[in-house]
Every structure is written in C-alpha cells, then in structure tokens.
Amino acid sequence: MIKVIADSTCDLSENILEKYDIGMLPLYIHMGDKEYRDRVDITVEEIYKWSDENNTTPQTAAPSIDDAVKVIAPYKEQNGDIIMFAISESMSATANVMRLAAESLDYSEHVYVIDSENLSTGIGLLVIEAAIMAKQDIPVRKITERIERLKPYVRASFVVDTLKYLHRGGRCSATAALVGGVFKLKPRIFVKHGTMDAGKKYRGKIDKVIVQYVKDMEEELKQARNDRVFITHSGASPEVIGLVKDYLKELNHFKEIIITNAGGVISSHCGPGTLGVLFIAGEEETKPCEEKQEK
C-alpha cells in the first residue's frame with residue numbers, strides 16, 4: 001500500500017482529502033501564549049479577529065516530531081510506503097520534521113518526503129496527482145520521480161487586498177520595497193523556486209483587481225493542463241469568486257474548477273480578501289494520470 005500525506009498548508013478541503021484518501025499533518029499557529037493546530041483548533045475568522053485586536057500577525061510553526069511520528073506510525077504497522085508533502089523548505093522546517101520522524105521510527109526507507117517548493121493548493125495540485133497514481137498501484141519511486149518532474153510546472157500566484165499581513169510575517173521580502181504609505185498597492189504574489197516574490201502591481205478595489213489578475217493569465221490558462229484548476233481564497237467575497245469561476249468556465253478549457261478556502265497558516269500571512277488561481281502548466285512532460293472511472 002501507498003499512503004499520501006500532506007501538511008495542512010496544502011489547503012485541500014475535507015471532501016478532497018476524503019475523495020483521494022489523503023492524510024493531513026497540521027502545522028501550528030501561535031496567538032499570544034496560546035497554540036492551535038491549523039485547521040483543527042482555530043478558524044480563519046478567529047485568527048483575523050485576534051490579529052486586528054492585537055495589531056500583529058500570529059506566528060506559525062512546523063509540526064513537532066511527535067506529531068509526525070503519530071501520523072506515520074499506523075502505516076508502518078501495515079508495512080506501507082508513505083509519500084509526505086511539505087510546504088517549501090525555504091518557508092518552514094516541516095519537511096525536515098517529517099524526515100526526523102521517519103528516522104526516529106527507523107522507517108526512512110519507506111517514507112518519501114517531498115519538498116513541494118510551493119504553498120497552498122500549489123502543493124495540493126501535486127498531492128492529488130500523487131494520490132491518483134497511488135490508487136493505480138504505480139510503484140512509489142515512479143510516483144515520486146514524476147512529482148519531482150512536475151514541481152517546476154506548478155503555477156501558484158495570488159493577489160492580496162493589503163500588504164500588511166505579508167509584511168508583518170516577513171515571508172515575502174519583496175514586499176519591503178512596497179510598504180511605507182503604499183499599502184494600497186495590491187501586488188500579484190507568485191511562487192518561484194520555493195520562495196515568494198512580487199510581480200505586477202495593481203491599484204483599485206480588490207474585486208476589480210482580482211478579475212484583472214485572472215484575465216492577465218488568460219494565455220497561460222488556455223495552455224495549462226486541463227484536468228483541474230484551483231480558485232483558493234481567504235475570505236474573498238462570493239461575488240468575486242463567482243466572477244472568477246464564470247471567467248474560467250468561459251475559457252472552456254478546464255474539466256474541473258475547484259474552489260477552496262485557505263487554511264489558518266496561509267491566511268494568517270496573506271490576510272483577508274486574498275484570492276489565487278493555481279494550476280499546472282501544459283507541458284508535454286506534465287500529461288495527467290487519468291483517474292479510473294467508477295463503475
């Protein structure tokens with residue numbers, strides 16, 4: 001057997017985790033002297049309320065080695081192979097925690113830790129791909145090799161309504177040059193080589209900015225792999241989510257348009273009103289593994 005496990009920053013919904021039999025390892029969110037497990041003990045709304053009241057951003061942290069051990073141990077008992085996905089190592093120690101947990105169980109030869117070099121559903125796209133292959137009984141090494149080839153083709157970007165959360169958290173150094181009286185700028189933040197950077201800068205109301213951001217990607221979207229695309233957001237309005245979904249439908253390209261909410265870790269760094277469209281670029285090397293049809 002092969003079990004696929006992702007950390008909580010993959011931002012896959014409970015329905016998707018269940019559909020593809022994906023396990024989850026939560027990161028931590030520290031708010032003052034209290035500690036919460038991402039997606040388990042705290043909601044995004046509670047995080048924003050605390051942030052506004054305290055004029056600061058929560059600290060986030062990798063899982064403990066004990067947490068990872070508890071997730072791995074049941075599959076060791078079944079002599080299974082485990083593929084574990086982590087948020088980019090340049091952003092978190094989660095991948096190393098997974099490796100140390102496997103070592104502590106003397107099970108490293110069966111635990112394949114993948115540094116996604118990404119975040120949010122940029123990770124989720126890879127996780128689903130691995131889970132589909134695992135269901136098809138593809139050997140674990142072939143799955144991990146394919147995932148490593150896919151990593152450079154993941155396109156993860158988003159637009160934030162305010163820079164203050166990213167600036168407070170210090171996760172995107174490029175925002176430093178944009179602060180100081182220009183918080184009204186709404187940059188396109190993208191992930192490249194495992195780190196975040198700022199691209200095109202927009203001005204105006206966030207709803208109009210988001211629609212323009214998506215339209216700016218039209219050519220790349222039309223050439224993307226067509227199996228699925230994610231709309232991932234942190235408290236974006238239903239109206240703007242609907243506009244983005246309708247626009248993607250009109251492209252008549254994607255078989256599945258998936259809307260997901262960002263979890264606590266991602267939301268605490270990006271802030272409310274954030275929305276991203278995430279997909280895999282359409283290169284020959286990224287042809288999808290087809291899901292087996294249910295009979």
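All values below come from the heavy atoms of this structure, side chains included, with hydrogens, waters and symmetry mates left out. Index from 1, following the sequence.
- Between Asp11 and Ser120, the side chains place a donor N or O and an acceptor N or O closer than 3.5 Å (distance only, hydrogens not considered).
- With sequence neighbours excluded, the residues forming a side-chain contact (heavy atoms from CB on, under 4.5 Å) with Asp81 are Ile2, His110, Tyr112, Val140, listed by chain and number.
- For the pair Ile206 and Lys186, the minimum side-chain heavy-atom distance is below 4.5 Å.
- With Tyr48 contributing its side chain and Gly271 its backbone, the two residues share a donor-acceptor pair below 3.5 Å.
- Looking at heavy atoms from C-beta onward, Leu12 lies in side-chain contact with Val127 at the 4.5 angstrom threshold.
- Atom CD of Glu18 has 12 or fewer heavy atoms from other residues, nucleotides or ligands within 6.0 Å.
- Atom CD1 of Ile266 and atom OG1 of Thr9 lie 5.0 Å apart (nearest 0.5 Å).
- Within a 6.0 Å sphere centred on CG of Asp246, heavy atoms belonging to other residues, nucleotides or ligands number more than 12.
- Looking only at distances, a side-chain donor or acceptor of Tyr213 sits under 3.5 Å from a matching main-chain atom of Ser157.
- At a threshold of 4.5 Å between side-chain heavy atoms, the hydrophobic network of Ile, Leu, Val, Met, Phe, Trp and Tyr places Ile5 and Ile138 in two separate groups.
- Partners of Val69 according to the side-chain contact (heavy atoms from CB on, under 4.5 Å) rule, which considers only residues two or more places apart in sequence or in another chain, are Ile65, Ala101, Ser104, Leu105.
- In this structure the side chain of Lys3 reaches within 4.5 angstrom of the side chain of Asp21, judged on heavy atoms.
- In this structure, the separation between OG on Ser13 and NZ on Lys19 is 9.5 Å, given to the nearest 0.5 Å.
- By the 6.0 Å contact criterion, CD on Gln78 is enclosed, its count of non-hydrogen atoms from other residues, nucleotides or ligands being greater than 12.
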Requested in this report: Apply side chain to side chain contact (heavy atoms under 4.5 Å, CB included) to Leu243 and Glu239, showing your working.
Outcome: CA-CA 6 Å; Leu243 287 172; Glu239 291 77 17; 5.6 Å; no

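- Val111 and Ile22 fall into different hydrophobic clusters, defined by Ile, Leu, Val, Met, Phe, Trp and Tyr side-chain heavy atoms under 4.5 Å apart, directly or through other members.
- Residue His30 places its NE2 atom among more than 12 non-hydrogen atoms of other residues, nucleotides or ligands, all under 6.0 Å distant.
- Using a 4.5 Å heavy-atom threshold, the side chains of Val97 and Ser64 count as separate.
- In the hydrophobic clustering of this structure, Met98 does not group with Phe85; members are Ile, Leu, Val, Met, Phe, Trp, Tyr whose side-chain heavy atoms approach within less than 4.5 Å, directly or through other members.
- Ion pairing between Arg225 and Asp227 holds under the 4.0 Å rule for side-chain N and carboxylate O.
- By the 4.5 Å heavy-atom criterion applied to side chains, Tyr28 and Ile42 are not counted as neighbours.
- Asn118 places no side-chain N or O within 3.5 Å of a backbone atom of Val191 that could act as its donor or acceptor partner.
- Partner of Lys151 under the salt bridge (Lys or Arg N to Asp or Glu O under 4.0 Å) criterion, chosen from Glu145, Glu129, Glu117: Glu117.
- Considering only heavy atoms from C-beta on, Lys249 comes within 4.5 Å of Lys245 through its side chain.
- Between Thr274 and His233 there is no side-chain heavy-atom pair separated by less than 4.5 Å.
- The line from CD1 of Ile82 to OH of Tyr107 is 6.0 Å long, rounded to the nearest 0.5 Å.
- Ion pairing between Glu45 and Lys49 fails under the 4.0 Å rule for side-chain N and carboxylate O.
- The aromatic rings of Phe279 and Phe254 sit tilted, their planes meeting at an angle between 30° and 60°.
- For Thr260 and Thr232, the side-chain atoms include at least one donor-acceptor pair closer than 3.5 Å.
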Query raised in the report: When you look at Lys222 and Glu218, which way does the salt bridge (Lys or Arg N to Asp or Glu O under 4.0 Å) test go after all the steps?
Result: CA-CA 6 Å; Lys222 286 179 177 178; Glu218 181 168 322; 2.9 Å; yes

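- Side-chain contact between Tyr247 and Leu251 is present, with at least one heavy-atom pair separated by less than 4.5 Å.
- Both Met91 and Val160 belong to a common hydrophobic cluster when Ile, Leu, Val, Met, Phe, Trp and Tyr are linked at side-chain heavy-atom distances under 4.5 angstrom.
- Judged purely by atom type and a 3.5 angstrom limit, Glu220 has no side-chain atom pairing as donor or acceptor with the backbone of Met217.
- Applying the side-chain contact (heavy atoms from CB on, under 4.5 Å) rule to Asn54 yields the partners Trp50, Thr56; only residues at least two apart in sequence or on another chain are considered.
- Atom CE of Met133 and atom CD1 of Ile128 lie 12.0 Å apart (nearest 0.5 Å).
- Tested against Pro26, the residues Val40, Val265, Asp67, Val71 include a single side-chain contact (heavy atoms from CB on, under 4.5 Å) partner, Val40.
- Going from atom OG of Ser267 over to atom CD1 of Ile47 covers 6.5 Å, rounded to the nearest 0.5 Å.
- Contact detail for Ala61 and Leu27: the closest heavy-atom pair is O-CB, 3.3 Å.
- Residues Val4 and Met24 share a hydrophobic cluster, clusters being chains of Ile/Leu/Val/Met/Phe/Trp/Tyr side chains in contact below 4.5 Å.
- Side-chain N or O atoms of Ser234 include none that pairs as donor or acceptor with a backbone N or O of Pro272 at under 3.5 Å.
- Here the CD1-OG1 distance, from Ile16 to Thr121, works out to 9.0 Å after rounding to the nearest 0.5 Å.
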